Amino acid sequence: MIPYKMDEQYLPEKTEKDAQDYWERQHSFKAVPDPKREKFYCLSMFPYPSGKLHMGHVRNYTIGDVITRFQRMQGRNVLQPMGWDAFGLPAENAAMANGVPPAQWTWDNIAYMKKQLKSLGFAIDWERELATCEPDYYRWNQWLFLRMLEKGIAYKKTGTVNWDPVDQTVLANEQVIDGRGWRTGAVVEKREIPMYYLAITRYAEELLADLEKLPEWPERVRTMQANWIGKSTGVRFAFPYKLDGREERLWVFTTRADTIMGVTFCAVAAEHPLATHAARNNPKLAAFIEECKRGSVMEADLATIEKKGMPTGISVTHPLTGEPVPVWVGNYVLMGYGEGAVMAVPAHDERDFHFAKQYGLPIRQVIAVGSEKFSLDAWQEWYADKERGHCVNSGKYDGLGYSAAVDAIAADLKAKSLGDKQVMWRLRDWGISRQRYWGCPIPIIHCDHCGDVPVLDRDLPVVLPEDCVPDGTGNPLNKRADFVNCACPKCGKPARRETDTMDTFVDSSWYYARYASRRSDSAMVDDETAYWMPVDQYIGGIEHAILHLLYSRFWWKVMRDTGLVKGDEPFMRLLTQGMVLNEIFFRKPASGRIQYFNPAEVEIKTDDKGGRLGAVLKSDGQPVESGGIGTMSKSKNNGVDPQSLIEQYGADTARLFMMFAAPPEMTLEWSDEGVAGASRFLRRLWKLVHDHVRQGPAPKIDFTALPEAAKDLRRQTHQTLAKVTDDIGRRRTFNTAIASVMELLNAVSKFDDASALARAVRQEALEFAVLMLAPIVPHICHALWQALGHPEAAIDVRWPKPDDGALKQDSLEIVVQVNGKLRGRVSVPVQAGEDKVRELALADDAVARHVGGKPVKKVIVVPGKLVNIVL
RNA sequence: GCGAAUGUGGCGGAACUGGUAGACGCGCUGGAUUUAGGUUCCAGUGGGGUAACCCGUGGGGGUUCGAGUCCCUCCAUUCGCACCA
């Protein structure tokens, strides 16, 4: 056997090129369906092609790659695809800044980022690559949208948007800064415009119930989704009133129908028809309604604004008491949510309480809890306690508890045909219309004679012209006659094409299914999808825990109901990775703006215990302030470019550091020293293998009769294998897997025995270490596996199994506590019974000293672990 | 404001099922090699105490033979809130 010629030095660049060339030549990552083999579909959330990779991408895709390679070593047929979430706002912003069409900017970025991904050595099947801005992809967005129109799942209604009155354009929430347009600084207004919606609420019940089918999703994500869907049972009912002699009804919804006798006013949104009517002859109210329409539409803003209101002068009739109830306009009531009107019970709702106090409205207690005293001085939590409360001052309902009162009141309202119980969802239908250029066109044609007409299937895709350059004043598609002007599919007369495009969340709601159908020209997905789907492991940022994941689950269910796919859920197992953070350094000049410094430009001063004294700028030696830890961002100048990291240390070091610094679900703090440490470990590993193979091939021996030290090392080798298998396969704690391989290699270094027997044990330890690390640092392991004398490539090797014989132990160390405090350790034979363990524990010198002849009350023995002696 | 999470040495983290707190790595200290620095190697490293020991997991309280882990409460930080992706 010719020994592999191994460089003495670890040369990452050469090692990584060799391994990547090999994988490329062998088409190692091509995924081919094979019904005889168990498949494993490992998917990472695809990137937005923003320009270059950031550390969050590197972390995300390394986690995915480790799982992919591990599953492959388990013998599964793996698929790991990659693509581009290519439509979106940043391309338009870049276009405005540079005068380059979004398409060109996007494709340039894709080319660069693809090169970066390849340099990291991810086991991706690039033949399945897709970009959502390709007509071949987005035509199926349009196709399924048309199916949804047919089913009534897609429909049109008005929605509220942020409107910049100067640029005459709709703004994204992100473009509204402190209530003003980001480019113009103009105070943003709310505006009602027609939009297309997808009736995700039709699936609310199933989306909620099917969370049960996702036991491998993080509990917190399921909880967040359940809260977001927000199922509540309540009562929808009406306050009748007369308007210009007509009988009208003001509808509201409440989850606290038991407090209905405490209603002292109602509040409606500024856009509510009742408010509009009342403002006709009331200039003050009209002005107030205009004021309410200013500001952003963001939920977080609305929840924190100062609550303001004004009476409409209109009264409605209480449906049960018949008393008049005044109606107010409230800036905190949303037209787009529920009925756009609410009943107000100031005694038992905190917001209503403060509103009533502010405007001097009556507060009527109708719920009591025990002997608690109700007072108008300050809000008390128990006022809203439906669990412990019962009705008072409520006539026939007095004494009833929450659910009995709701039942009785709902029945009475129903008898009067003024209301009934109803299930209510917090979830709202998904508005998908965007008044933007760089997105998937909505396939609708507006005809003066036929109305809104769907584009015919045979005319799909509606192709987006790629040569537009937006200028910030509305959608440039409106200025493209060649796009807008068309013939009505129904009557053939001249008509106008819809210029709104789809929310990019549509694009990302089904890309995983398209990857699985490699080349499907005639359908949204083909038969191959049935083999690969569902995704076995999905990996992405926690920031997508609600919207993207909920929309994808919804879209998948619609595809299922259209007969395209089988199965209720697209993603079986989910891993939400934490953010990548770095320290923030800055100086605050006496005048002028804060100046941020990249951590690479800063030197930390420490005392002789390693404690931090301060930080100075390397270039001038003057102190800088620390702004704590934050996500890597341009504005805080605390980003680290993955490219420079790869160039300096290589992909394996980058991957190792990312996996070692924190468990995947937690935030990860950047550390240059930590990266250097990862690199040091790889050099040490290389040297260890090099020193070993230099002595020639290790002999094949029988492991049954080994000296104690060799036996210990062999046991540790197999224990480590068992732990790493569990850490990567089940727990997904790559950091602890790496730590235990480090421990094993520390033991190999210390194992000072040159005998043939020892060489064989060392060979096994090194082989296992290389295979265990192969999913994490695949390039160096590719080289080391060859160096250890194997003709087949590491990528094709099966994951080893621990040997029970090697794991066997004769005695165990048991910890002995006295009154719960650690006082000694004793060695006991593995098969020792509880009595024997207790006897050995009490016989220990240190333990006997602490017992000191005092009476032993109780002895607790935890087998194989510890003994606690209670005095 | 609402929803979700996190908090352990100088730092990142480990402790998986209520059972040895601080694995592994970084930093720091001392030493060796080299000596210009770095690299590499060895030893030490939660705090206090001469020691026996004592104290220690964001703060306060509780359950238990035993709590970083469970319960209550408070504080701080991070993420999401529907047109950023």
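Proteins come first, then strands; the chains are lettered A, B, ... in the order of their sequence lines, and each starts at number 1. Everything numeric in this text was worked out from a predicted model, so none of it was measured.
Salt bridge present: A/E583 and A/R612 bring a charged side-chain N and a carboxylate O closer than 4.0 Å. Ionic pairing of A/K687 and A/D691 is present here: one or more N-O contacts between side-chain nitrogen and carboxylate oxygen are shorter than 4.0 angstrom. Salt bridge status for A/E603 with A/K618: absent, with no side-chain N to carboxylate O gap under 4.0 Å.
Taking syn as a glycosidic angle within 90° of 0, B/rG9 qualifies as syn.
Residue A/N746 is classed as a sugar-phosphate contact, given heavy-atom separations below 4.0 Å to backbone atoms only. Using a 4.0 Å heavy-atom criterion, one finds that A/P663 contacts the sugar-phosphate atoms exclusively. At a threshold of 4.0 angstrom between heavy atoms, the contacts of A/V815 include nucleobase atoms, whether or not backbone atoms are also involved. Using a 4.0 Å heavy-atom criterion, one finds that A/T304 contacts the bases of the nucleic acid, with or without backbone contacts as well. The residue A/D85 sits close only to the backbone: its heavy atoms come under 4.0 Å of sugar-phosphate atoms, none of a base. Residue A/K821 is in sugar-phosphate contact alone, with no base atom involved, counting any heavy-atom pair closer than 4.0 Å across all strands shown. A/L427 comes within contact range of at least one nucleobase, with a heavy-atom separation under 4.0 Å.
When ring centroids are compared, A/W430 and A/Y197 stay outside the 6.0 Å threshold. The six-membered or imidazole ring of A/Y649 lies away from that of A/F657, with a centre-to-centre distance of 6.0 Å or more.
If you take atom C1' in B/rU73 and the same atom in B/rG19, they sit 27 Å apart, rounded to whole Å.
With 3.5 Å as the limit, one finds no donor-acceptor pair spanning the side chains of A/T473 and A/D167.
A 4.0 Å heavy-atom criterion places the boundary nucleotides of RNA chain B facing chain A at B/rG1 to B/rA85, written 5' to 3'.
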